[in-house]
Trainee: 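This is the structure I have questions about; it appears just below.
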Amino acid sequence: MRTATLGPEQRAESLAAMAGRELDVLVVGAGVVGAGTALDAVTRGLSTGLVEARDWASGTSSRSSKLIHGGLRYLEMLDFALVREALKERGLLLERLAPHLVKPVPFLYPLQHRGWERLYAGSGVALYDAMSMARGHGRGLPLHRHLTRRHALRVAPALRKDALVGALQYYDAQMDDARFVTTLVRTAVAYGAKAANRARVTGFLREGERVVGARVQDVEGGREYEVRAKQVVNATGVWTDDTQGMVGERGRFHVRASKGIHLVVPKDRIHSTTGLILRTEKSVLFVIPWGRHWIVGTTDTDWDLDKAHPAASSADIDYLLEHVNSVLAVPLTRDDVEGVYAGLRPLLAGESDATSQLSREHTVAHPVPGLVVVAGGKYTTYRVMAKDAVDAAVHGLDLRVAECVTEDVPLLGAEGYPALWNARARIAARTGLHVVRVEHLLNRYGTMAEEILDLIAGDASLGEPLQAADDYLRAEIVYAASHEGARHLDDALTRRTRISIETFDRGTRSAREAAGLMAPVLGWDKDQIEREVQHYEKRVEAERESQRQPDDLTADAARLGAPDIAPL
């Protein structure tokens with residue numbers, strides 16, 4: 001099928017089209033759940049719009065642990081239904097829906113007690129594998145295995161010898177969460193949805209009690225649109241209560257924000273061929289392979305401050321370093337930390353005993369006619385949440401609507417990906433790129449990598465890496481603006497690429513080069529380039545300052561020292 005381009009012209013056309021006719025479904029919020037809801041709705045034949053106040057995945061969906069997993073620890077809570085559901089979704093993503101974006105990743109679980117712990121933990125991991133296989137979607141991953149201490153230390157030499165008596169190794173999956181959401185949005189648009197980022201809902205349109213659409217402000221141009229829709233879906237994650245407040249109706253649940261932070265360190269700081277999962281007094285700690293880096297996380301603390309830019313404090317960083325260093329032979333220090341990011345989990349908190357334990361479960365409600373709310377859940381089960389939200393919206397439509405088909409709708413870039421992967425050496429020879437560069441592109445764009453290669457064919461300089469972030473080609477920055485909806489420098493360095501957390505300078509040395517590459521696509525003059533670079537530098541400095549603060553209050557105040565987006 002054809003791909004979809006999310007450039008400046010397409011954004012303007014989408015806003016005009018959404019305002020020009022009544023939609024069947026308008027989705028508010030383009031995190032993973034909102035983007036998935038738009039794809040579900042449009043592939044059932046419904047006219048669909050998607051609006052996002054900031055950038056695709058700019059909230060929780062770009063700040064996760066980057067894992068697609070069944071939730072091994074939920075087995076310990078005996079939540080078999082949630083694990084079974086998540087394992088099915090993991091299998092679908094690995095094998096059918098997004099094999100170019102979702103990849104297997106090994107984890108080592110160090111055992112610290114002889115006898116009973118191996119039996120207890122081993123039984124849980126064996127059940128995990130068995131449940132995955134029983135769903136028919138687990139054959140893409142190796143089964144778990146038991147390791148002696150000597151074998152475990154060969155696999156992960158970074159571990160202290162006295163930190164384990166043996167280990168278990170099992171497999172889950174990972175992805176780049178922001179890239180996944182961008183691909184979801186593009187897939188929905190390819191099937192006919194209209195989508196616009198930097199388009200903020202400022203209020204809902206009402207006819208009596210019924211919600212019949214939303215007022216949408218173009219944050220970039222200032223114009224306000226009235227977008228009418230038969231059903232509106234609120235998929236705004238940790239902003240759910242704020243969005244509901246525009247309707248003036250109490251919901252049946254609240255969404256509570258829980259902050260999780262992650263550290264990014266270079267690959268050579270931890271000598272291991274596998275990821276690690278460690279038990280802490282509160283939860284679990286992951287050390288996750290991430291290209292030429294490791295991601296270490298996460299924390300789990302209440303957050304009731306600024307939702308747009310949750311801040312990591314010095315205490316948060318110390319907590320992660322202390323816990324990971326408890327098992328490492330060579331401890332990590334602050335100087336080893338390249339990047340830090342903080343995200344907010346949307347946890348459900350009920351208004352009654354019946355809903356108070358919803359936690360990582362998701363729920364869908366119809367608080368007023370014409371408005372559906374979907375909240376909670378976990379990244380891995382976004383497709384199930386989207387299906388449930390559209391099912392609820394369909395009840396309010398006077399139409400015969402098809403059942404959900406997204407189980408059989410691969411994301412853009414998936415179809416033909418295995419064939420291109422097998423041909424990567426030939427592609428390298430044809431384009432003059434190193435085969436490692438071709439693999440990088442295929443694992444970020446799938447078959448859409450050909451569009452990047454077309455840009456390079458038209459301008460050979462785009463085949464060069466960025467000077468201060470050589471994991472990424474210059475063409476990828478241009479493509480972010482021309483095809484993926486990047487409107488600002490921050491979008492390209494933080495979400496379309498991960499330069500902001502993968503370099504010690506946090507992307508500041510790449511900012512001017514990247515802004516210059518985006519400028520022709522977005523029509524920036526020299527003054528706008530300067531504003532974009534200065535804004536990005538201020539954002540990085542505000543984040544660095546917040547990470548020097550002792551607690552959440554002071555960290556939040558420091559982070560808010562930088563403006564939200566660069567002025568136009």
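No experiment lies behind these values; they were computed from the predicted model shown. The analysis underlying the following values was restricted to heavy atoms, covering all of them including side chains, and did not include hydrogens, waters or symmetry mates.
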Trainee: In this structure, are over 12 heavy atoms from other groups packed under 6.0 Å from K538 atom NZ?
Mentor: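 It does not: K538 NZ has 12 such atoms or fewer within range.
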Trainee: Of all the heavy-atom pairs spanning L141 and P104, show the shortest one and how long it is.
Mentor: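 Heavy-atom minimum between the residues: CD2-CB, 3.3 Å.
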Trainee: Do the side chains of P346 and T240 get nearer than 4.5 Å, heavy atoms only?
Mentor: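 They are not in side-chain contact.
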Trainee: Consider only side-chain N and O atoms of T3 and E451, and report whether a donor and an acceptor are under 3.5 Å apart.
Mentor: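 A donor-acceptor contact under 3.5 Å links the two side chains.
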Trainee: Determine whether a donor-acceptor pair (N or O, by modelled atom type, separation under 3.5 Å) exists between the side chain of R198 and the backbone of R487.
Mentor: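 Not confirmed, R198 side chain does not pair with R487 backbone.
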Trainee: Among residues at least two apart in sequence or on other chains, which ones pass side chain to side chain donor-acceptor pair (under 3.5 Å) with R474?
Mentor: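 Only E513 meet the side chain to side chain donor-acceptor pair (under 3.5 Å) criterion with R474.
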Trainee: Tell me, do Y382 and L184 make a side-chain contact under 4.5 Å, heavy atoms counted?
Mentor: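 Yes, their side chains come closer than 4.5 Å.
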Trainee: Closer than 4.0 angstrom, basic N to acidic O: yes or no for E52 and R200?
Mentor: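 No.
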Trainee: In chain order, what residues pass the side chain to side chain donor-acceptor pair (under 3.5 Å) check against H262, with sequence neighbours excluded?
Mentor: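 Expected list: S65.
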Trainee: Look at R506 together with E537 and state whether they make a salt bridge at an N to O cut-off of under 4.0 Å.
Mentor: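 Judged by the 4.0 Å cut-off on N to carboxylate O distance, R506 and E537 do not form a salt bridge.
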Trainee: Consider only side-chain N and O atoms of T333 and D335, and report whether a donor and an acceptor are under 3.5 Å apart.
Mentor: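 Side-chain D/A pair, T333 to D335: absent.
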Trainee: Whether the side chain of S61 engages the backbone of V32 through a donor-acceptor N/O pair (distance < 3.5 Å, no angle test) should be reported.
Mentor: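 Yes, S61 side chain to V32 backbone: donor-acceptor pair under 3.5 Å.
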Trainee: Do R279 and Y109 make a side-chain contact, defined as non-hydrogen atoms from C-beta onward lying under 4.5 Å apart?
Mentor: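 In contact.
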Trainee: Closer than 4.0 angstrom, basic N to acidic O: yes or no for D172 and R90?
Mentor: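 Yes, charged N to carboxylate O under 4.0 Å.
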Trainee: List in chain and number order the residues that pass salt bridge (charged side-chain N to carboxylate O under 4.0 Å, His left out) with R544, two or more places apart in sequence or in another chain; answer none if no residue qualifies.
Mentor: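 If we apply the salt bridge (charged side-chain N to carboxylate O under 4.0 Å, His left out) test to R544, skipping adjacent residues, there are no hits.
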Trainee: According to ring pair (Phe, Tyr, Trp, His ring centres under 6.0 Å), who are the partners of Y479, at least two apart in sequence or on a separate chain?
Mentor: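 Y479: ring pair (Phe, Tyr, Trp, His ring centres under 6.0 Å) contacts with Y445, H483.
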Trainee: Any luck finding a side-chain donor-acceptor pair between N443 and H100 under 3.5 Å?
Mentor: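 N443 vs H100: no donor-acceptor pair found between side chains.
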Trainee: For E541, give me all partners under salt bridge (charged side-chain N to carboxylate O under 4.0 Å, His left out), at least two apart in sequence or on another chain.
Mentor: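 Listed in chain order: R548.
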Trainee: List the residues meeting side-chain contact (heavy atoms from CB on, under 4.5 Å) with A429, not counting sequence neighbours, and say none if there are none.
Mentor: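 side-chain contact (heavy atoms from CB on, under 4.5 Å) list for A429, sorted by chain: empty.
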Trainee: For E450, enumerate each residue passing the salt bridge (charged side-chain N to carboxylate O under 4.0 Å, His left out) test, keeping only those at least two apart in sequence or located in another chain.
Mentor: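 In terms of salt bridge (charged side-chain N to carboxylate O under 4.0 Å, His left out), with neighbours along the sequence ignored, E450 is linked to R430.
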Trainee: For a quick check under 3.5 Å, do D300 and S258 share a side-chain donor-acceptor pair by atom type?
Mentor: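 Side-chain D/A pair, D300 to S258: present.
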Trainee: For E502, which residues count as a side chain to side chain donor-acceptor pair (under 3.5 Å) partner, sequence neighbours excluded?
Mentor: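 In terms of side chain to side chain donor-acceptor pair (under 3.5 Å), with neighbours along the sequence ignored, E502 is linked to W290, Y472.
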Trainee: Backbone N or O of L489 within a donor-acceptor pair of the E532 side chain at under 3.5 Å?
Mentor: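 Yes, because the side chain of E532 sits within donor-acceptor range (under 3.5 Å) of the backbone of L489.
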Trainee: In chain order, what residues pass the side chain to side chain donor-acceptor pair (under 3.5 Å) check against D55, with sequence neighbours excluded?
Mentor: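 Partners of D55 under the side chain to side chain donor-acceptor pair (under 3.5 Å) test: N197, R495, R496.
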Trainee: Between S132 (side chain only) and Y128 (backbone N and O only), is there a donor and an acceptor less than 3.5 Å apart?
Mentor: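 No: the side chain of S132 does not pair with the backbone of Y128.
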Trainee: Identify whether the distance between the nearest side-chain nitrogen and carboxylate oxygen of K387 and D40 falls below 4.0 Å.
Mentor: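 Salt bridge: no.
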Trainee: Indicate yes or no for a side-chain donor-acceptor contact from Y341 to the backbone of I501 under 3.5 Å, with no hydrogens or angles considered.
Mentor: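 No, Y341 side chain to I501 backbone: no donor-acceptor pair under 3.5 Å.
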Trainee: Can you name the residues that form a salt bridge (charged side-chain N to carboxylate O under 4.0 Å, His left out) with D316, not counting sequence neighbours?
Mentor: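 With sequence neighbours excluded, D316 shows a salt bridge (charged side-chain N to carboxylate O under 4.0 Å, His left out) to K259, given in chain and number order.
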Trainee: Would you mind telling me which of E220, H535, R54 makes a side chain to side chain donor-acceptor pair (under 3.5 Å) with H488?
Mentor: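 Only one option passes, and that is E220.
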Trainee: Can you tell me how far CG of L67 sits from CD1 of I295, rounded to the nearest 0.5 angstrom?
Mentor: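 If we round to the nearest 0.5 Å, I295:CD1 and L67:CG are 8.0 Å apart.
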Trainee: Got a second to check how far T301's OG1 is from I261's CD1, nearest 0.5 Å?
Mentor: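 If I round to the nearest 0.5 Å, the distance is 8.5 Å.
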Trainee: Could you note down all residue pairs passing salt bridge (charged side-chain N to carboxylate O under 4.0 Å, His left out) where residues 289-299 supplies at least one of them, sequence neighbours left out?
Mentor: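 Pairs touching residues 289-299 that pass the test: R292-D470, R292-D471.
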Trainee: Can you tell me how far the OG1 atom of T48 sits from the CG atom of L39, to the nearest 0.5 Å?
Mentor: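 Going from the OG1 atom of T48 to the CG atom of L39 covers 9.5 Å.
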Trainee: Kindly say whether K66 contributes a backbone atom to a donor-acceptor pair with the side chain of D177 at under 3.5 angstrom?
Mentor: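 Side chain of D177 to backbone of K66, a donor-acceptor pair under 3.5 Å: no, none is there.
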Trainee: Please tell me whether Q169 and H144 have a donor and an acceptor in their side chains that are separated by less than 3.5 angstrom.
Mentor: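 No, no side-chain donor-acceptor pair sits under 3.5 Å.
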Trainee: Could you tell me whether a side-chain N or O of W56 sits under 3.5 Å from a main-chain N or O of A35, the two making a donor and an acceptor?
Mentor: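 No, W56 side chain to A35 backbone: no donor-acceptor pair under 3.5 Å.
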Trainee: Tell me the salt bridge (charged side-chain N to carboxylate O under 4.0 Å, His left out) pairs involving residues 438-448, sequence neighbours left out?
Mentor: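 Salt bridge (charged side-chain N to carboxylate O under 4.0 Å, His left out) check on residues 438-448 returns R424-E439, R444-E476.
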Trainee: Do L276 and L159 make a side-chain contact, defined as non-hydrogen atoms from C-beta onward lying under 4.5 Å apart?
Mentor: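 They are in side-chain contact.
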Trainee: Within the side chain of T273, is there an N or O that forms a donor-acceptor pair under 3.5 Å with the backbone of V155?
Mentor: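 It does hold such a pair.
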